[in-house]
Amino acid sequence: IRRQVLEHFNRKSDSLTPLSGLSLLDIGCGGGLLCEPLARLGAEVTGVDPAQKNIGVARLHAAQSGLSIQYEQQTVEDLVAQGRQFDIVTAMEVVEHVADPRAFLASLAARLAPGGLLVIHDMHLNAEKTGPLPVAEYSVILMHSTEGKCYSLGELDELFRAIGFRDLRHTPTAADRSIVTAVKPG
């Protein structure tokens with residue numbers, strides 16, 4: 001994530017705070033596991049999560065770590081009414097759990113400033129939707145026990161393009177997951 005953000009915003013990696021001056025929104029922040037390192041890199045970070053318990057844990061840990069992070073109990077849809085926009089929007093392991101991925105991604109796009117970078121991390125199926133097997137198995141579990149599902153990279157590409165994103169990139173990570181980045185035109 002750090003490398004892709006630095007590349008997108010033409011920042012040098014030799015600075016201790018290369019994200020200084022950039023605003024970042026982390027959707028589904030949980031206990032702040034992504035918010036904290038990005039705040040340490042200099043970003044002005046806002047983390048949102050619908051679960052009050054997660055926000056309480058995140059606030060406590062940030063305070064104990066001496067980090068200034070704004071945590072809010074709400075959803076991305078709640079943020080739409082506020083009209084705030086960010087340079088970077090992240091959603092880690094969230095897309096698979098939403099009922100309407102197009103509406104969710106559109107709400108993320110609405111939170112991004114023109115030229116901003118969207119970063120999602122999730123489990124993805126291959127284009128044929130046949131695997132890898134652990135992802136296919138996980139998708140079956142998701143469909144059985146939640147409204148979520150795993151999307152193929154092709155399906156995500158179609159969704160991103162339909163919403164108007166450009167410069168899509170897929171970067172494999174670990175455990176059959178990948179980071180997908182996209183740029184909001186502007």
Side-chain angles (χ1 to χ4, degrees), residues 1-9 11 13 15-99 101 103-113 116-124 138 142 146-148 150-151 156 169 171-184:
I1 294 171
R2 178 181 184 267
R3 180 179 50 82
Q4 292 176 348
V5 170
L6 292 177
E7 284 178 17
H8 177 72
F9 290 100
R11 300 292 180 105
S13 63
S15 168
L16 292 177
T17 55
L19 304 186
S20 182
L22 295 175
S23 59
L24 183 139
L25 173 65
D26 184 24
I27 301 297
C29 68
L33 294 176
L34 181 62
C35 292
E36 290 193 12
L38 294 170
R40 284 187 189 95
L41 291 171
E44 179 186 313
V45 178
T46 301
V48 299
D49 198 286
Q52 181 58 44
K53 184 175 182 178
N54 290 346
I55 294 300
V57 168
R59 286 178 177 155
L60 177 64
H61 196 269
Q64 291 172 341
S65 301
L67 295 169
S68 177
I69 300 171
Q70 182 176 343
Y71 286 110
E72 302 170 8
Q73 180 192 2
Q74 56 185 329
T75 65
V76 67
E77 293 81 8
D78 296 332
L79 288 170
V80 171
Q82 297 175 11
R84 291 174 57 198
Q85 291 191 317
F86 299 82
D87 299 309
I88 306 159
V89 173
T90 62
M92 306 293 118
E93 311 298 328
V94 176
V95 175
E96 64 194 36
H97 299 289
V98 300
F104 176 73
L105 291 172
S107 64
L108 296 183
R111 298 305 84 223
L112 265 176
L117 184 68
L118 175 65
V119 182
I120 66 167
H121 186 266
D122 232 313
M123 189 174 277
H124 303 113
Y138 183 66
L142 275 174
T146 74
E147 293 183 28
C150 291
Y151 297 92
L156 287 176
R169 285 179 50 186
T171 306
T173 57
D176 301 314
R177 287 170 165 76
S178 64
I179 292 172
V180 179
T181 59
V183 176
K184 180 177 178 176

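All figures in this text were calculated on a predicted structure; none of them were measured in a lab. Numbers here are sequence positions counted from 1.
Counting all heavy atoms, side chain and backbone alike, Thr17 lies closest to Arg40 at CG2-O, 3.9 Å. The minimum heavy-atom distance between Gly47 and Ile55, with the atom names listed, is O-CD1, 4.2 Å. Here the shortest heavy-atom pairing between Pro50 and Gln73 reads O-NE2, 3.1 Å. The two residues Pro101 and Ala99 make their nearest non-hydrogen contact at CD-O, 3.6 Å. The two residues Val94 and Phe104 make their nearest non-hydrogen contact at CG1-CZ, 3.5 Å. In this structure, Ala91 and Leu108 approach most closely via the heavy-atom pair CB-CD1, 4.3 Å.
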Assess the residue pair Met92 and Ile1 against the criterion (side chain to side chain contact (heavy atoms under 4.5 Å, CB included)); give the C-alpha distance rounded to whole Å, side-chain angles, the decisive distance to 0.1 Å, and a yes or no. CA-CA 11 Å; Met92 306 293 118; Ile1 294 171; 3.9 Å; yes
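Side-chain contact between Phe9 and Leu19 is absent, with no heavy-atom pair separated by less than 4.5 Å. Counting heavy atoms from C-beta outward, Ile27 and Leu79 have side chains that approach closer than 4.5 Å. The shortest side-chain heavy-atom distance between Ile179 and Val119 falls under the 4.5 Å cut-off. Taking 4.5 Å as the limit, every side-chain heavy atom of Arg2 sits out of range of all side-chain heavy atoms of Pro37. For the pair Arg11 and Val5, the minimum side-chain heavy-atom distance is 4.5 Å or more. Annotation: side chain of Val89 is not in contact with side chain of Lys184 (no heavy-atom distance under 4.5 Å).
With rounding to the nearest 0.5 Å, the separation of CG in Leu25 from CD in Gln70 is 10.0 Å. Summarising the geometry, atom CD belonging to Glu72 is positioned 9.5 Å from atom SG belonging to Cys29; distances are rounded to the nearest 0.5 Å. Separating the CZ atom in Arg59 from the CD atom in Gln52 is a distance of 6.0 Å, to the nearest 0.5 Å. The distance from the OH atom of Tyr71 to the CG atom of Leu60 is 11.0 Å, given to the nearest 0.5 Å. In this structure, Glu93 CD and Leu34 CG are separated by 11.0 Å, a value rounded to the nearest 0.5 Å. Taken to the nearest 0.5 Å, the SG atom of Cys35 stands 9.5 Å off from the CG atom of Asp49.
The pair Arg84-Glu44 does not count as a salt bridge, with every side-chain nitrogen at least 4.0 angstrom from each carboxylate oxygen.
For Gln4, the side chain to side chain donor-acceptor pair (under 3.5 Å) partners at least two apart in sequence or on another chain are Thr171. With sequence neighbours left out, the salt bridge (charged side-chain N to carboxylate O under 4.0 Å, His left out) criterion links Glu7 to Arg3, Arg169.
Of the residues Asp87, Val45, Leu38, the one that meets the side-chain contact (heavy atoms from CB on, under 4.5 Å) test with Leu22 is Asp87.
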